[in-house]
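Since we're looking at a predicted model, the values are computed, not measured.
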Amino acid sequence: MSRRAFLAAGAALAACQTAPPMSAAPGLAPSLGTASASAVSSTVTVDGVPMHLSRTGRGRPVCLIHGASGNLNDMTFRLGPALADRFEVIAIDRPGHGWSGVPSGGSVSINAQAALIRGALDQLGIERPIVVGHSYGGAVALAWAVDAPGTMSALVLLAAPSQVWEGGLGLTNDLLASPVTGPPLAHAIPHLVTRGFADRTLRSVFDPQEVPAGYLDHLGLDLVLRPESLRENARQLVALKEELRPMIPSYPDLSMPIRLVHGDADRTVGLDIHSAPFARQVPQAGLTRLPGIGHMIHQVATARAIEAVDAVTRQPSGIRP
C-alpha cells in the first residue's frame, strides 16, 4: 500500500471519525496516568478477560462508557471529575481498549462488551448503576439496557447510535478489520501519526467547537494507536450496524429512566438518524437537542451531560419526563 494510503488511514484513526452520519468515535484517549489523583485504578478478570477501570467519588454509582478509538480517560478528562462530587464514578476501558483485554478470538460484540462490564462491576459489588455512554459507548450501554434492564437504574446516551443507517464505515475500517490488510496497516499507522498531525486532526473531532485547553496533553496516542487496539476498534465498528438491528424492536419495552443528549451540528452520529427516532420509539426517553454543538458533548457541553444524569435520578421508571 502506498504511503499516501497509509497517511489517509492514519488521518481517519487520529481524527477518530468514521463515515458520517453514523456512529463512531469520540476523541482520542487520554493516557491512563493523568486521571484525577483521587481515582483508584484496578483490573478485575471476567470470564478470563482483564477489565480495567477507575473509581472516584462517593454516592450513587455512575458507570461511564467511552466510545470508539478511545479509553476510559476520555471520560475522566471533564465528565468524571465533574460528577465525582455527588456520585461514585466508575470509568471503564471497553474490551480491546486501554488496558482491558478481549475474549479469545477477539472481535467482541456490543452485547458481549456490556456483559463483561456488568461482570466487572458485579465483582466490585456495584449494583444498578446509572449507565452513561458516549457515541459507540452509548451503543454498548443500550445493549446493556436491552439485555439486562434490571441491572441498571437509569440510562444516559450522549450522541449515541441506536438505529440502522445507510452505507458503511469507510475504507480504513474495512482494511483494518480484514485479516489480510489489517495487520500491516495497523503496524504502519503508529509511525505516521505525529504530534502536529494529531493536533490538526483533533480539531476536526471537536468541530465546530474548540479543543479544550489541556485535552491533547491528556491524550495517550500510544494506547490509541497500538496495532491490536486499532484492529479491534475497526472490527467492532464494522460489526456495529448489524448488532444494533435486532435490538430495535426491544426499545419500546425499556422502562428505566432514559435521557438522550445530542448536538445538531454532530457530523459523526446524526441526531435525526439516531436520537430523534429513539425518542419516538421509547415513551420515557427525553431528548435534549443542543444547537450548534458537535459530537464531543461530554467535553464541550459537560454541564448538559450532568443535567441529563441529574434528570434520570428524578425520573420515575416508565414515566415520560
Side-chain angles (χ1 to χ4, degrees), residues 29-67 70-104 108-134 136-158 220 223 229 232 236 256-257 298 305-306 308-310 312-313 317:
S31 69
L32 291 170
T34 56
S36 170
S38 64
V40 176
S41 176
S42 62
T43 299
V44 298
T45 300
V46 183
D47 295 332
V49 179
M51 295 293 293
H52 178 257
L53 53 87
S54 72
R55 301 172 72 179
T56 188
R58 296 181 123 188
R60 187 171 175 179
V62 175
C63 179
L64 305 180
I65 305 177
H66 68 84
N71 60 46
L72 66 82
N73 292 300
D74 181 62
M75 287 296 193
T76 65
F77 181 68
R78 282 189 169 173
L79 183 57
L83 289 168
D85 62 341
R86 293 177 293 119
F87 298 93
E88 179 183 13
V89 178
I90 305 98
I92 193 159
D93 284 330
R94 287 193 299 100
H97 300 267
W99 297 111
S100 289
V102 293
S104 178
V108 57
S109 70
I110 54 175
N111 307 84
Q113 290 181 58
L116 287 168
I117 295 171
R118 289 197 303 273
L121 270 57
D122 285 345
Q123 288 196 30
L124 298 173
I126 298 168
E127 299 180 350
R128 300 190 73 241
I130 298 168
V131 180
V132 180
H134 173 251
Y136 183 101
V140 174
L142 191 51
W144 179 342
V146 169
D147 292 344
T151 63
M152 68 166 61
S153 63
L155 177 64
V156 176
L157 300 176
L158 308 176
L223 285 176
S229 293
E232 181 59 28
Q236 291 175 6
M256 73 283 293
H298 56 315
I306 293 170
V309 175
D310 287 335
V312 294
T313 67
S317 181

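Closest approach of Leu72 to Ser54, counting heavy atoms only: CD1-OG, 3.9 Å. What you find for Ile92 and Ala120 is that their closest heavy atoms are CD1-CB, 4.0 Å. Contact between Gln113 and Val140 at its shortest, heavy atoms only, is OE1-CG2, 3.8 Å. When all heavy atoms of Pro95 and Gln236 are compared, the pair lying nearest together is O-NE2, 3.0 Å. Looking at every heavy atom in both residues, Ala139 comes nearest to Ile110 through O-CD1, 4.0 Å. Contact detail for Ile90 and Pro61: the closest heavy-atom pair is CD1-CB, 4.0 Å.
Partners of Val49 by side chain to side chain contact (heavy atoms under 4.5 Å, CB included), not counting sequence neighbours, listed by chain and number: Met51, Pro103, Leu116. With sequence neighbours left out, the side chain to side chain contact (heavy atoms under 4.5 Å, CB included) criterion links Ser42 to Leu53. Take Thr43 and apply the side chain to side chain contact (heavy atoms under 4.5 Å, CB included) test, not counting sequence neighbours, and it matches Pro50, His52. Qualifying salt bridge (Lys or Arg N to Asp or Glu O under 4.0 Å) partners for Arg58, counting only residues two or more places apart in sequence or in other chains: none. With sequence neighbours excluded, no residue forms a side-chain hydrogen bond (donor to acceptor under 3.5 Å, both in side chains) with Ser100. Residues meeting the side-chain hydrogen bond (donor to acceptor under 3.5 Å, both in side chains) test with Thr151, sequence neighbours left out: Trp144. Under the rule for a side chain to side chain contact (heavy atoms under 4.5 Å, CB included), the partners of Ala145 that lie at least two apart in sequence or sit in another chain are Met152, Leu155, Leu254, Met256.
Remark: the backbone N or O of Val108 is paired with a side-chain donor or acceptor of Glu232 at under 3.5 angstrom.
Between Ile65 and the options Val131, Leu158, Val132, a side-chain contact (heavy atoms from CB on, under 4.5 Å) holds for only Val131. Applying side-chain contact (heavy atoms from CB on, under 4.5 Å) to Leu83 and the options Thr56, Ile130, Val309 leaves one that passes, Val309.
Atom-to-atom distance recorded for Thr45:OG1 and Gln123:CD is 7.0 Å, nearest 0.5 angstrom. Distance check: His134 NE2 to Leu79 CG gives 10.0 Å after rounding to the nearest 0.5 Å.
Taking the six-membered ring where the residue is Trp, His97 and His66 present perpendicular rings, their angle passing 60° and hence far from 30°.
The stretch residues 111-130 participates, sequence neighbours left out, in no salt bridge (Lys or Arg N to Asp or Glu O under 4.0 Å) pair at all. Under the side-chain hydrogen bond (donor to acceptor under 3.5 Å, both in side chains) criterion, the residue pairs touching residues 79-88 are Arg55-Glu88, Arg86-Asp310, with sequence neighbours excluded.
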_Evaluate Asn73 against Asp93 for side-chain contact (heavy atoms from CB on, under 4.5 Å), listing each step before the verdict._
CA-CA 8 Å; Asn73 292 300; Asp93 284 330; 5.7 Å; no
*So Asp74 and His298, side-chain contact (heavy atoms from CB on, under 4.5 Å) or not? Walk me through it.*
CA-CA 9 Å; Asp74 181 62; His298 56 315; 2.6 Å; yes
